[in-house]
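Heads up, the thing below is written out as structure tokens.
Residue numbering restarts at 1 for every chain, and letters A, B, ... go by the order of the sequence lines.
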Amino acid sequence: MSNLSKYRFLLLRRIVQVTILVLFWGANRYGWKVLAGNLSTAKVLDSFYLADPLAVLQILATGTIITLDILIGVLIIVFFYGLITGRIFCSWVCPVNIVTDSAAWLRKKGYREKGNKYLKLSRSTRYYVLVLALILSLILGVAAYEVINPIGITVRGIVFGFGVSATVLLLIFLFDLLVLKNGFCGHICPVGGFYSLISKFRLLKVHLENDKCTSCMDCKTVCPEVQVLGIVGKKSGDISQGACTNCGRCIEVCEDDALRFKFF
Amino acid sequence: MENKDSSKISRGDLLKGLVKKGGLMMLGGLPWAAYVEENKEEEFVLRPPGAVDEKKFVESCIKCGICVEECPYDTLKLAKPGDDALTGTPFFTPRDIPCYMCTDIPCVEACPTDSLLKDLVSDDNDKYNIEKAEMGVAVIDRKNCLAYWGIRCDACYRACPLLDEAIVLNFERNKRTGKHAMMKPEVNADICTGCGMCEHACITEKASIFVLPREKALGKVNDDYIKGWDKEDESRLDSTNIYIDKNQVEKSTLDYLNDTGSLLNDE
Ligand code: SF4
Ligand code: SF4
Ligand code: SF4
């Protein structure tokens, strides 16, 4: 297997992530009409909107009624991620993923691969953060997670040209590198949490053919949500948990072609 | 923390787990809440035209920034952490770039969440009328306004898009020199939109005319004061149902004036 094909999805993901940011940036800078706004709400081709369901849930929690445009935008997103592609927002869209992936990669390069000495945190922490976000929005009368959401802060910084908040991204990077493996995206981020919750019944899944698997566990060293790869080396089947981001890393690193994307 | 064998958790463990999780959520929630609370309490922020009132605005704005993109003058900015507005929401700083009061109000037109509400800047016939905007109100610092010193300056007056309406010049004799006129600007809060062209134009090092949110700059009179000389205001009386029959009042005015006892006892 050639070296490049070991990174085929990774490269594609980076291209998609960067393209989306460039389109947003161009909309602000030059008035392009493909994707205006940012990841919380975007206007597509000057005709319809896409909206972040978690941001909208928080707005609803403050007791505000949303407009039809936004409602449709949320439904499109929920339908697309939830029923078709799964949690690909995290691996193919979100720019914070680039930061946390690099931290994970550095860890793998021998830097602190061994365990999480400092902090043990359940992967379901993100669901508690999600619930907390809604409760706080209700109490405080403002979408509480959106105030601290590093995705929003980062994307706005890039798109509206006031610069990326290095502090926020550095904190996440160091947290993932030094404290907890896949700490932010895999444990804390309620946006990822939300998409995990709705992605159980998606069409696009990673499929394992266990006969080909040699149990080398290469896939598990790259997967940001290792718990979803429970069936590897045991039995053939789909990786069905919602937490799988369909990033395709496991597929591209598998030397034995035991994994592939499966639609339907 | 993952319980592999969840069937064996006793009720006590479950309760303990719940208490622990609740406690942790409180622990995380408190500083988070404190930060959000402090972040949203920016009281001197100026919003785009047509913005619903601040409390509703921070609830409903989804922070998409489409208004910012539509503004042809780069007036609007999205707040980053540390700015004087709820993170991610649009605001403007007139001393840097004021609102140029576009007649087609593209920022309002673009807002997908009705946080910028067309009705607030439209006439009854649904046509945009930017002059109805209430972004804030200009306030003059008479101590530092050069015109109040007697030096001739009408920079704000000339810059105002509602020329001679939102700012008027009051002519007064300059008592110091005895032979000059002072031309003192005065803002009419009923007309001023808060666009900030005046603040932008003010020639003093730090602007001596500046825009504040209306609720910060303006007082409020209780309902029982009525402008008797103003027909419209006077008509408010018609809707009251309190009627005082002067013959029914027991004490006369003189009794009140002579009643020194209650004054003295009022220790
Ligand atoms: S009215 Fe025009 S100048 Fe003023 S904020 Fe809106 S788009 Fe910008
Ligand atoms: S367009 Fe509306 S929802 Fe979007 S940032 Fe501006 S005010 Fe907020
Ligand atoms: S803010 Fe200043 S320039 Fe704008 S309408 Fe008011 S007085 Fe005129």
Which atom of [X] lies closest to which atom of [Y], heavy atoms considered:
X: A:Met217; Y: A:Val232; result: CE-O, 3.9 Å
X: B:Ala138; Y: B:Cys198; result: CB-SG, 3.8 Å
X: B:Cys61; Y: A:Ile59; result: O-CD1, 4.2 Å

Going through the checks in order, is the side chain to side chain contact (heavy atoms under 4.5 Å, CB included) test met by B:Leu76 and B:Cys107?
CA-CA 9 Å; B:Leu76 304 177; B:Cys107 49; 3.9 Å; yes
Evaluate the ring planes of A:Tyr81 and A:Phe89, with Trp represented by its six-membered ring, and classify them as parallel (under 30°), tilted (30 to 60°) or perpendicular (over 60°).
perpendicular
Is NZ or CZ of B:Lys77 both nearer than 6.0 Å to the six-membered ring centre of A:Phe160 and within 45° of the ring axis?
no
Contact check, side chains of A:Val155 and A:Pro95, non-hydrogen atoms, under 4.5 Å
yes
Pairwise side-chain contact, A:Phe175 with A:Leu180, heavy-atom cut-off 4.5 Å (strictly under):
yes
Please round to the nearest 0.5 Å and tell me the distance separating atom [atom1] of [X] and atom [atom2] of [Y].
X: A:Arg126; Y: A:Cys185; atom1: CZ; atom2: SG; value: 9.5 Å
X: B:Glu54; Y: B:Leu46; atom1: CD; atom2: CG; value: 9.5 Å
X: A:Cys189; Y: A:Phe194; atom1: SG; atom2: CZ; value: 12.0 Å
X: B:Glu199; Y: B:Ile209; atom1: CD; atom2: CD1; value: 8.5 Å

With only heavy atoms counted, which part of [X] is less than 4.5 Å from chain B, the side chain, the backbone, both or neither?
X: A:Ile153; answer: side chain
X: A:Tyr128; answer: both
X: A:Ala61; answer: neither
X: A:Val159; answer: side chain

Does atom NZ (A:Lys234) have a neighbourhood of more than 12 heavy atoms from anything else shown, all under 6.0 Å?
no
CG (B:Asn222) with more than 12 external heavy atoms under 6.0 Å
yes
Which residues in [range] have any heavy atom lying under 4.5 Å from a heavy atom of chain B?
range: residues 64-71 of chain A; answer: A:Thr64, A:Thr67, A:Asp69, A:Ile70
range: residues 16-32 of chain A; answer: A:Phe24, A:Ala27, A:Asn28
range: residues 141-151 of chain A; answer: A:Gly141, A:Val142, A:Ala143, A:Ala144, A:Tyr145, A:Glu146, A:Val147, A:Ile148

Among B:Ser60, B:Gly28, B:Cys67, which residue forms the greatest number of heavy-atom pairs with chain A at distances under 4.5 Å?
B:Ser60
Heavy-atom proximity to chain A below 4.5 Å, by part of [X]:
X: B:Leu86; answer: side chain
X: B:Lys40; answer: side chain
X: B:Asn39; answer: side chain

Side chain to side chain contact (heavy atoms under 4.5 Å, CB included), paired with B:Arg47, selected from B:Val58, B:Val52, B:Leu116:
B:Val58
Residues two or more places apart in sequence or in another chain: which of them pass side chain to side chain donor-acceptor pair (under 3.5 Å) with B:Glu37?
none
If you measure from the Lys or Arg side-chain nitrogens to the Asp or Glu carboxylate oxygens, is any gap between A:Arg87 and A:Glu225 under 4.0 Å?
yes
